[in-house]
There are 2 protein chains.
Amino acid sequence: MNTRFAVATHILTFLAYQGGQPATSELIAASVNTNPTFIRRLLTQLAKAGLTTSQLGAGGGALLAHPASRISLLDVYRAIDEQQQVFALHDAPNPQCPVGRNIDAVLKGRMLEAERALQAQLAKTSIADLAADIAERNKVA
Amino acid sequence: MNTRFAVATHILTFLAYQGGQPATSELIAASVNTNPTFIRRLLTQLAKAGLTTSQLGAGGGALLAHPASRISLLDVYRAIDEQQQVFALHDAPNPQCPVGRNIDAVLKGRMLEAERALQAQLAKTSIADLAADIAERNKVA
DNA sequence: TTATGTGTAACCGAAATGGATACAGATAAT
DNA sequence: ATTATCTGTATCCATTTCGGTTACACATAA
């Protein structure tokens, strides 16, 4: 998969760590080690999903729209991965073949089940959980 | 994701439907609606994973190496998706940042949990299940 | 009024994806 | 033995995706 989910999660965790202080795309980009445009593109998606807000102008930046404890990895997944399916079907199997005619319909159901299992697990982790894990690691070190 | 998992599953289901009769890559390609080389590439991977065997020469083709009831979608996933991870991390976050320094380690664990949930669900379906579903659909129609 | 920061468009190179051709080698059929 | 068949693999190609880069209009804070 692409790294957008990981980066989006990084962004949100970073914002949680900011404690209400707006973070510029440049600042976040430095933490992620990428470029500000990439961050802004993801922030746009996160904002559209209602997970973040943006403060324009000097001293502005991105903020969490909700408490970190109420943002789950599933929320991030849904905000970023527009198609929301790990598996892809192959185009247009042969309708003349008894297998080709039905494989998509049959496989789609099983893929959905797997997808649901994945999403259910993602729902169990919040950005606050990640922030806490990170705080723990920084405490020890 | 790419369509290789779907095509590999299609191949195996097709072979299950053949009832022990070898299928050429050309025949399978016609069912999938793709080219024989793509099928042979996947068959090579499936063979390496011990899921299929190949009969060379005239009248030859691919065969299931085990009963379809003993080949799960997880087996296919493992055979085809070499990296076996839905999620990717972003390269080299900033080690100077308290978040960047730890995000990968923390996120990796959560991704693994989700990956495991996905795989556990895949394990519940066998190629025989798919073949049965397809048979049912062909019966009704 | 000026500096700051977002949102978005445009362009780029690298990598991945699947399609197409080609051919050596193994095997079955005759 | 000879021929036809089929695999396994290499090579090349066009298309798409991915993330990086530059640029700039617009909104807002200082």
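Quick note on labels: first sequence line is chain A, next is B, and so on, each numbered from 1. These figures come from a predicted structure and were not determined experimentally. All values below come from the heavy atoms of this structure, side chains included, with hydrogens, waters and symmetry mates left out.
In the set C:dG7, D:dT9, D:dG19, the nucleotide with an atom closest to the side chain of B:K48 is D:dT9. Minimum atom distance to the side chain of B:S25 is reached by D:dT7, of the listed C:dT8, D:dT7, C:dT4. Side-chain proximity of B:N2 to the nucleotides D:dT9, C:dG18, C:dA28 is greatest for C:dG18. Nearest nucleotide to the side chain of B:L56, out of C:dT27, D:dA23, C:dG19: C:dT27.
For A:R40 and C:dA9, the CZ to P distance is 13 Å, given to the nearest whole Å. When the C1' atom of C:dG7 is taken as reference, atom CG of A:L42 falls 13 Å away, rounded to whole Å. In this structure, the CD1 atom of A:I80 is 11 Å from the P atom of D:dG19, given to the nearest Å. Regarding A:D81, its CG atom lies at a distance of 13 Å from the P atom of D:dT17, rounded to whole Å. One interatomic measurement links the two molecules: CD of A:Q55 to P of C:dA3, which rounds to 20 Å at whole-angstrom precision. Here D:dT7 presents its P atom at 11 Å from CD1 of B:I11, a figure rounded to the nearest Å. Atom NE2 in B:H90 sits roughly 7 Å away from atom C1' in D:dG19 (whole-Å rounding). Rounded to an integer number of Å, the gap from A:E26 CD to D:dG20 P is 15 Å.
Side-chain N/O atoms of B:T3 include none lying less than 4.0 angstrom from OP1 or OP2 on C:dT17. For B:S54, no side-chain nitrogen or oxygen approaches OP1 or OP2 of D:dC6 to under 4.0 Å. Residue B:T34 has a polar side-chain atom (N or O) positioned under 4.0 Å from OP1 or OP2 of C:dG19.
Place A:G59 and A:P36 on DNA chain D by their nearest nucleotides, and A:P36 ends up nearer the 5' end. The nearest heavy atom of DNA chain D to A:A58 and to A:T37 marks one nucleotide each, and the one closer to the 5' end goes with A:T37. Place B:N33 and B:G60 on DNA chain C by their nearest nucleotides, and B:N33 ends up nearer the 5' end.
In the model, B:N33 has no side-chain atom that pairs as donor or acceptor with a side-chain atom of A:D91 under 3.5 Å.
The only option from B:V106, B:L107, B:I103 that meets the side chain to side chain contact (heavy atoms under 4.5 Å, CB included) definition with A:T13 turns out to be B:I103.
Pairs engaging residues 98-114 of chain B under the salt bridge (Lys or Arg N to Asp or Glu O under 4.0 Å) rule: A:D133-B:R110 [sequence neighbours left out].
No contact: B:A47 has no heavy atom under 4.0 Å from any strand. Within the 4.0 angstrom heavy-atom criterion, only backbone atoms of the sugar-phosphate kind lie near B:R4; the bases stay farther away.
Side chain of B:D81 to main chain of B:R78: no donor-acceptor pair is present (N/O by atom type, distance under 3.5 Å, no hydrogens or angles).
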Listing, residues 25-32 of chain B side-chain donor-acceptor contacts under 3.5 Å, not counting sequence neighbours, or none:
{"from": "B:S25", "atom 1": "OG", "to": "B:R40", "atom 2": "NH1", "distance (Å)": "3.0"}
{"from": "B:S31", "atom 1": "OG", "to": "B:H10", "atom 2": "NE2", "distance (Å)": "2.8"}

